[in-house]
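When a residue number appears, it is its place in the shown sequence, counting from 1.
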Amino acid sequence: MNAATWAARLNGAELATIEAVGFRAVGVPMGMSIYRDMVYAGYPAGRGAGSPFTRPASPSQRFYPCPHGSNSMSHLPGLNYRQTWTQAPRRQALKLVLDKLVADARSMGAHGVIGVSVQQSIFTAGEPPIRQIRMTGTAVRADGAEGSPHGRLFTTTLSAAGLVELLLTGRTPLELTFGNAVVAVMPGCVLRHSKRTKGVVEVTQLADASEMAREAAVADLRADAAKAGANEVVGIELDLDSALPPRLGTGWASVHAYAIGTAVRSFETGLDHFGAQQIFRLVDRP
């Protein structure tokens, strides 16, 4: 391929849009990683004295007492709790892929990457499965810039039009920011003995686990953006998958929520220094 040839994930209109604000496309960078995360399902503390059932619940734990008022082994309480030690590897994998994307874009002489697409999939099924993460986008370079870019490259999931709209509001993208959380579900009597009725019945313990994971992922996202020096986060995508599918005979499960967005910072547009001025009249007046 000729060194002057480049590729972009943009159509003609998007190319014109990005060029209108002083950028040009220089290539399609990519980052990818295949990894296996070891998800542990078990009590967050030992049973007996000092176990989670003998101490007050923390914000990262939620209990579900037996609705039948029984204390037998078949009527154990349920428990949802944050697995902070298992969510860290997934965050590390996302950061690793982003670093590879940025390195690839830097090698093209880019100042940023727009329209970043994040795909997560199961590469090989199993327990635990082997997962794959891919990131692609369009590398852009500022017109008139000389030499190789130094410092931090900006990255965003926003499209060309989204980037222009963001700039017009007095905000500039900094980088992709992530948040994630894993919540384990230890099945209790309330989950194992759900009543069957006509219509839709919410499985409360699993629904609560999903809610806990999502709220924690968004809080993690905000903390990650603050570390990047951002004022806000835009274009947030929030998703949920199974970190550990329910196990037959036990009911153990884990849910994983992850949030991805673009950390942005405000800047001075200078537009407030300009006032309206009449330049012609439609009708002559005496």
Legend entry - Residue that, paired with N80, satisfies side chain to side chain donor-acceptor pair (under 3.5 Å) out of Q61, Q205, E211: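 Per the side chain to side chain donor-acceptor pair (under 3.5 Å) rule, the option paired with N80 is Q205, out of Q61, Q205, E211.
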Closest approach of [X] to [Y] (non-hydrogen atoms, all atoms of both residues):
| X | Y | result |
| --- | --- | --- |
| P29 | A105 | CB-N, 3.7 Å |
| P173 | F154 | O-CB, 3.5 Å |
| A257 | L240 | CB-CD1, 3.6 Å |
| I236 | A259 | CG2-CB, 4.5 Å |
| A110 | A139 | CB-CB, 3.6 Å |
| L221 | G261 | CD1-N, 4.0 Å |

Atom [atom1] of [X] and atom [atom2] of [Y]: how far apart are they, to the nearest 0.5 Å?
| X | Y | atom1 | atom2 | value |
| --- | --- | --- | --- | --- |
| L163 | E14 | CG | CD | 11.5 Å |
| L166 | T262 | CG | OG1 | 8.0 Å |
| L153 | M108 | CG | CE | 11.0 Å |
| L167 | F23 | CG | CZ | 7.0 Å |
| M32 | Q132 | CE | CD | 5.5 Å |
| H256 | D239 | NE2 | CG | 10.0 Å |

Do you reckon [X] sits in the same ILVMFWY cluster as [Y], going by side-chain contacts under 4.5 Å, direct or chained?
| X | Y | value |
| --- | --- | --- |
| V234 | I260 | no |
| V218 | F178 | no |
| V140 | L158 | no |
| V118 | L98 | yes |

Report yes or no: does [X] contribute a side-chain atom to a donor-acceptor pair with the main-chain N or O of [Y] at less than 3.5 Å?
| X | Y | result |
| --- | --- | --- |
| D224 | T177 | no |
| R152 | L174 | no |
| D220 | N180 | yes |
| Q87 | V182 | yes |

Inset, instruction - Using the test salt bridge (charged side-chain N to carboxylate O under 4.0 Å, His left out), find all partners of D104 that sit at least two apart in sequence or belong to another chain. - result: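 Scan of D104 (salt bridge (charged side-chain N to carboxylate O under 4.0 Å, His left out), adjacent residues dropped) gives none.
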Inset, instruction - Tell me, please, which residues at least two apart from R265 pass salt bridge (charged side-chain N to carboxylate O under 4.0 Å, His left out). - result: none
Legend entry - Stepwise side-chain contact (heavy atoms from CB on, under 4.5 Å) test for D143 and E19: CA-CA 8 Å; D143 278 336; E19 289 172 358; 5.6 Å; no
Legend entry - salt bridge (Lys or Arg N to Asp or Glu O under 4.0 Å) contacts touching residues 159-168 (sequence neighbours left out):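 Matches after skipping sequence neighbours: none remain.
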Inset, instruction - Count the heavy atoms belonging to other residues, nucleotides or ligands that lie under 6.0 Å from CZ of R91, then report whether that count exceeds 12. - result: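 Correct, the count exceeds 12.
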Legend entry - Test item: side-chain donor near acceptor, S117 and Q119, under 3.5 Å: yes
Inset, instruction - Flag the pair Y258 / Q120 as yes when at least one side-chain heavy-atom distance between them is below 4.5 Å, and no otherwise. - result: yes
Inset, instruction - Would you indicate whether the side-chain heavy atoms of V28 and M30 approach each other to under 4.5 Å? - result: no
Inset, instruction - Kindly indicate, with the supporting measurements, whether the criterion side-chain contact (heavy atoms from CB on, under 4.5 Å) is fulfilled by V102 and V113. - result: CA-CA 8 Å; V102 170; V113 185; 5.8 Å; no
